[in-house]
Amino acid sequence: MNTTLLHVRDLVPDFLACLDDRGGLPVERWRTGYLDRHPDVRAAVDRDGAWSDTGDLAGLLDRVAASRAELAARSGAVRALLPAAVSAVAAALDWAGEGGPVQCVVLVGLDRANGWAGTLVDRYALFLAVEQLGDHDDLLVRHEAAHVVHDRLAGIRDWPEHAVAGTLLAEGLATQVSAETLPGLPDETYLWFGRPGYGPWLADCRRAWPLILDRVAADLAAVDLDRHAPYFLMRDSPAGAGLPKRCGYLVGLAVVRTLRGRYPLREIASWDLDRATAEIRAVLPTLRPTGG
């Protein structure tokens with residue numbers, strides 16, 4: 001691939017170097033020998049100490065550290081698939097590296113998330129936590145890399161964090177990119193990164209589809225957490241009554257699939273939030289079943 005499209009930092013060796021003779025990991029040694037060696041990453045993942053604020057940090061670190069050989073193997077495996085995955089995303093979005101390469105940080109996390117896109121210093125980056133990786137990592141990498149490229153094209157990290165329209169477009173685009181670059185899988189596989197057992201969730205979303213579309217249309221311009229949460233988070237929310245949790249991901253995919261018939265993915269990924277909101281508002285009525 002074009003090496004200017006990807007830059008990888010692997011923090012796993014530093015984590016493993018902090019283990020003591022028993023294979024455990026004292027908290028202070030973890031902080032000074034791992035987190036403090038990468039202050040930019042620490043600032044990105046541990047803002048206000050929220051990431052490391054867990055009830056049994058010492059026990060969690062020892063449990064994660066117990067998988068020493070597996071952590072190293074997963075680091076190697078995900079680094080091996082990154083070049084082809086990022087290259088495929090770049091091709092799907094017709095992106096040649098403008099705005100800077102996809103920066104990927106491979107790290108050992110705290111069992112919070114397997115991968116995400118987030119701000120690292122002054123730009124969006126891809127974070128992959130090896131203790132949570134496993135099956136279908138290629139889907140996860142492509143989805144999150146698509147977010148990073150989307151940001152290079154449209155500056156989505158500057159959109160309101162809880163903008164319903166912005167999240168619909170961003171998640172729908174990333175899911176569509178992963179579906180186009182790894183075709184032939186069921187929708188629930190793309191939407192849940194291969195985790196089993198989500199066929200019933202998809203069926204629930206389809207049964208509630210008219211209600212979901214009505215609620216999304218009413219909340220499309222919202223930028224507050226309370227109205228954003230029912231569509232994109234797994235937590236309980238008073239505003240989420242009657243809605244399957246995380247149903248906004250399916251709406252976003254349906255929206256972008258429809259838009260894909262009218263515009264190239266590159267163009268969709270270049271819209272500002274106002275354009276994205278207007279396009280989504282125009283598409284939502286067309287997603288209803290005939291007679292709905």
Side-chain angles (χ1 to χ4, degrees), residues 6 8 12 45 51 64 67 70-71 73-90 92-93 102-118 124-151 156 167-206 228-235 244-257 260 265 269:
L6 174 66
V8 181
V12 176
V45 303
W51 180 69
V64 171
S67 303
E70 190 172 351
L71 296 175
R74 288 180 179 178
S75 170
V78 77
R79 284 188 287 109
L81 66 81
L82 271 165
V86 171
S87 183
V89 169
L93 291 170
V102 172
Q103 297 184 69
C104 179
V105 179
V106 180
L107 72 159
V108 180
L110 291 173
D111 278 342
R112 297 291 180 87
N114 51 7
W116 64 96
Y124 239 24
L126 167 60
F127 296 84
L128 296 168
V130 294
E131 82 284 357
Q132 291 273 48
L133 297 181
D135 295 335
H136 295 282
D137 292 340
D138 209 1
L139 277 178
L140 172 70
V141 169
R142 291 169 192 238
H143 183 104
E144 302 301 341
H147 285 317
V148 176
V149 174
H150 190 185
D151 182 71
I156 63 172
T167 309
L168 283 170
L169 188 77
E171 296 300 344
L173 180 71
T175 306
Q176 180 65 16
V177 167
S178 61
E180 290 193 19
T181 59
L182 286 174
L185 300 173
D187 281 349
E188 61 266 31
T189 300
Y190 296 118
L191 290 161
W192 291 95
F193 307 119
R195 283 177 283 179
Y198 285 97
W201 170 86
L202 188 59
D204 287 345
C205 288
R206 287 172 173 160
H228 179 274
Y231 307 114
F232 303 106
L233 301 180
M234 287 299 292
R235 73 180 205 180
K245 292 182 177 66
R246 212 170 171 268
C247 61
Y249 283 79
L250 183 60
V251 177
L253 177 58
V255 164
V256 173
R257 277 182 173 164
R260 181 73 169 100
L265 285 180

What are the two closest heavy atoms between [X] and [Y], and how far apart are they?
{"X": "G172", "Y": "V256", "result": "C-CG2, 3.5 Å"}
{"X": "A129", "Y": "A113", "result": "CB-O, 3.3 Å"}
{"X": "W201", "Y": "P244", "result": "NE1-CB, 4.2 Å"}
{"X": "I156", "Y": "A170", "result": "CD1-CB, 4.4 Å"}
{"X": "A146", "Y": "L93", "result": "O-CD1, 4.3 Å"}
{"X": "S75", "Y": "V106", "result": "OG-CG1, 4.0 Å"}

Working to the nearest 0.5 Å, report the span between [atom1] of [X] and [atom2] of [Y].
{"X": "R74", "Y": "L133", "atom1": "CZ", "atom2": "CG", "result": "6.5 Å"}
{"X": "H143", "Y": "T175", "atom1": "NE2", "atom2": "OG1", "result": "4.5 Å"}
{"X": "R112", "Y": "E131", "atom1": "CZ", "atom2": "CD", "result": "10.5 Å"}
{"X": "L250", "Y": "E171", "atom1": "CG", "atom2": "CD", "result": "12.5 Å"}
{"X": "H136", "Y": "S178", "atom1": "NE2", "atom2": "OG", "result": "12.0 Å"}

Review point. Among V105, N114, L140, which residue meets the side chain to side chain contact (heavy atoms under 4.5 Å, CB included) test with L128?
Key: L140

Practice item. Step by step, work out the side-chain contact (heavy atoms from CB on, under 4.5 Å) result for L82 and L126. Key: CA-CA 11 Å; L82 271 165; L126 167 60; 4.0 Å; yes

Point to revise | Stepwise side-chain contact (heavy atoms from CB on, under 4.5 Å) test for Y231 and L168 | key: CA-CA 9 Å; Y231 307 114; L168 283 170; 5.8 Å; no

**Study point:** Test item: V64 and L110 side chains (from C-beta on) under 4.5 Å apart, heavy atoms
**Key:** no

Check your understanding: Can you check whether V89 reaches V102 side chain to side chain, under 4.5 Å on heavy atoms?
Key ->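 With C-beta onward as the side chain, the pair stays apart.
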
Check your understanding: Name the one of Y249, F193, Y190, W192 that satisfies ring-ring contact (aromatic ring centres under 6.0 Å, His included) with Y198?
Key ->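 Checked Y249, F193, Y190, W192 against Y198; only one passes ring-ring contact (aromatic ring centres under 6.0 Å, His included): W192.
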
Point to revise | Of all pairs that satisfy salt bridge (charged side-chain N to carboxylate O under 4.0 Å, His left out), the ones with a partner from residues 174-187, not counting sequence neighbours | key: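 For residues 174-187: E180-R260, D187-R206, D187-R257.
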
Practice item. State which residues pass side chain to side chain donor-acceptor pair (under 3.5 Å) with H228; sequence neighbours excluded, sorted by chain then number. Key: T167

Exercise for review: Report yes or no: does R142 contribute a side-chain atom to a donor-acceptor pair with the main-chain N or O of T181 at less than 3.5 Å?
Suggested key: yes

Exercise for review: Given side-chain contact (heavy atoms from CB on, under 4.5 Å), test V149 with V177 step by step and report yes or no.
Suggested key: CA-CA 11 Å; V149 174; V177 167; over 6 Å; no

